[in-house]
Amino acid sequence: MQTQTFERMESNVRTYSRSFPVVFTKAKNARLTDEDGREYIDFLAGAGTLNYGHNNAHLKEAMIDYLASDGVVHGLDMWTAAKRDYFDTLNELIFKPRGLDYKVHLPGPTGTNAVEAAIRLARVAKGRHNIVTFTNGFHGVTMGALATTGNRKFREATGGIPTQGASFLPYDGYMGEHADTLDYFEKLLADKSGGLDIPAAVIVETVQGEGGINVASLEWLKRLEGICRDHDLLLIVDDIQAGCGRTGKFFSFEHAGIKPDMVTNSKSLSGFGLPFAHVLMRPELDQWKPGQYNGTFRGFNLAMITATAALKKYWSNDTFERDVQRKGHIVEERFKTLAKRLSDNGMPASERGRGLMRGIDVVDGDIADAITGKAFEHGLIIETSGQAGEVVKCLCPLTISDEDLIEGLDILEKCVDAVISGK
Ligand SMILES: *Cc1c(COP(=O)(O)O)cnc(C)c1O
């Protein structure tokens, strides 16, 4: 495989190609093929962007039909039939059955664009600058979003310009099992000299993806919503990674029965891996003036075509979400076994997650790397997350076949065993 081209031309900033240094040519559902014809099972799936798999036939057909009919691909934010169809479908299949009433802001097409837009609108709507965010949170890397992202590696890459306007509080579980970290938040809000600038909003992931599959309990999320209501703070759920069915429900916050004031979506939103993002907001929060926030690529019509097809195909009834939950249990059981096996052999480990967003925390980033490195040698693409890369995380397509899921888990088991026996 010829890789000199990349080494010569591509910036050092590249990341995933370092873990998986082959040249990929084709992809179908949960499988990737490289230039030598070798197949890999994909438990990374675009870091949660390919919930419906690579080249999903149903979505591809909708896209090809649209292109073949000369449908509008780019239209700035002008009205198109594709956009109307998407909004109507989102309203009928997602909002109405869940008792939600949101307006949709289409910012630029990436997750960080949606987070920037959401926190900026929160500031405009509330007339306060501060945003509360949580330890190990990941919300993107443009300046506003970066201020709410915990990871020092990203924060250090601003060239010394300080990020501003966010306060970090401990996420659920951060101070150990027995501390309710929201006690601290409530105390700070009540204490006139606690040092916390009263925030406009709180931004939270219900399960932290990049931060290491840290799972907020449903009680904690409910209490957080209550605190926001009591203190007139907006609750923003960043559902960019945990949404679109990843945790077994369309929105990850449904499990907790909460209703955020704003929601950010991206990653699997188009369903096909096309760039697409939006902010959902309670209608009265829509305080934007026309054109006050813009961007050339707002509401990519092709992405709305595949997004609409994905909603119609997978979210018309609960068959799909039940299947995600079923597969989630399979992964959970296997991960528990692997964590126990590691622990029994002197490598403390634990399993955690919700739905098909799951991880094994092996505490030590080197052990996690050894496992994922071996996995790649054996044809499984799986990545780590967490502050030290200590969590091996499964983000396989939700549409993965049971055969591929089991085969991937078998490979992982073999690699865990190899790491245990020091091979
Ligand atoms: C990936 C991610 C983002 C950023 O999305 P980009 O498209 O990479 O800018 C923001 N929040 C969460 C929770 C994410 O997982």
Side-chain angles (χ1 to χ4, degrees), residues 13-16 44-51 105-120 122 131-151 153-155 157-158 163 166 168 171-172 201-216 221 235-247 250-253 260 262-280 295 297-300 303 307 353-359 383-387 389 391 393-396 398:
V13 79
R14 68 191 175 85
T15 45
Y16 291 105
L44 174 60
T49 304
L50 296 159
N51 281 6
H105 173 172
L106 300 168
T110 68
T112 200
N113 295 148
V115 171
E116 288 285 339
I119 61 181
R120 197 170 299 186
I131 306 287
V132 157
T133 180
F134 293 97
T135 49
N136 285 299
F138 181 85
H139 301 290
V141 300
T142 54
M143 282 305 276
L146 180 65
T148 66
T149 289
N151 195 309
K153 176 181 78 184
F154 300 117
R155 298 177 66 82
T158 67
T163 56
F168 281 88
Y171 191 69
D172 192 17
V202 173
I203 186 164
V204 68
E205 296 162 87
T206 68
V207 180
Q208 294 183 321
E210 299 309 299
I213 314 290
N214 306 311
V215 185
L221 291 166
L235 177 62
I236 306 171
V237 169
D238 181 350
D239 231 11
I240 289 170
Q241 190 163 147
C244 299
R246 175 55 57 186
T247 66
F250 186 81
F251 294 115
S252 71
F253 56 79
M262 293 189 203
V263 184
T264 53
N265 305 102
S266 183
K267 289 208 165 88
S268 277
L269 190 58
S270 79
F272 201 77
L274 300 175
F276 187 39
H278 56 43
V279 181
L280 308 178
F297 292 102
R298 279 176 289 163
F300 178 28
R354 188 169 281 143
L356 264 177
M357 188 167 186
R358 310 210 78 94
E383 257 294 7
T384 59
S385 74
Q387 57 96 15
V391 180
K393 100 171 164 175
C394 172
L395 285 176
C396 64
L398 310 180

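Bear in mind that the values here come from a model prediction, so they are computed numbers and not experimental data. Whatever order the structure lists them in is the order used to number ligands and atoms, beginning at 1.
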Tell me, which protein residue and heavy-atom name are nearest atom 12 (C) of ligand 1, and how many Å apart are they?
F138 O, 3.3 Å

Considering only the protein, which heavy-atom contact is closest to atom 11 (N) of ligand 1, and what is its distance?
D238 OD2, 2.7 Å

Those atoms of ligand 1 less than 4.0 Å from some heavy atom in T110
7 (O), 9 (O)

Heavy-atom neighbours of F297 CZ exceed 12 at 6.0 Å
no

Which atom names give the shortest non-hydrogen contact between V115 and H139, and what distance separates them?
CG2-O, 3.3 Å

Mind listing the closest non-hydrogen atom pair of L50 and S268 along with its distance?
N-OG, 3.5 Å

Which atom pair, heavy atoms only, marks the closest approach of S266 to P109?
OG-O, 3.8 Å

Is there at least one pair of N or O atoms, one from S266 and one from ligand 1, spaced under 3.5 Å apart?
no

Heavy atoms only: give me the nearest G108-R298 pair and the separation to one decimal.
N-CG, 4.2 Å

Ligand-residue contact atoms, ligand 1 with E205, heavy atoms, under 4.0 Å:
13 (C)

Considering only protein heavy atoms, which is closest to atom 9 (O) of ligand 1, and at what distance to one decimal place?
T112 N, 2.8 Å

Between K267 and ligand 1, find which residue part has any heavy-atom pair under 4.0 Å and reply side chain, backbone, both or neither.
side chain

Would you say E210 and ligand 1 have an N/O pair spaced under 3.5 Å apart?
no

N/O separation below 3.5 Å, G111 to ligand 1:
yes

Does an N or O anywhere in Q241 fall below 3.5 Å from an N or O of ligand 1?
yes

V115, any N or O under 3.5 Å of ligand 1 N or O:
no

Nearest heavy-atom approach of L106 to H278 is CD2-CB, 3.8 Å

Walk me through whether K393 and T384 qualify under side-chain contact (heavy atoms from CB on, under 4.5 Å).
CA-CA 6 Å; K393 100 171 164 175; T384 59; over 6 Å; no

Donor-acceptor pair between S252 and R246 side chains, under 3.5 angstrom
no

Are the side chain of N51 and the backbone of C244 linked by a donor-acceptor contact shorter than 3.5 Å?
yes

Near H139, which atoms of ligand 1 are under 4.0 Å from a heavy atom of that residue?
10 (C), 11 (N)

Would a search of protein heavy atoms around atom 15 (O) of ligand 1 find one under 4.0 Å away?
yes

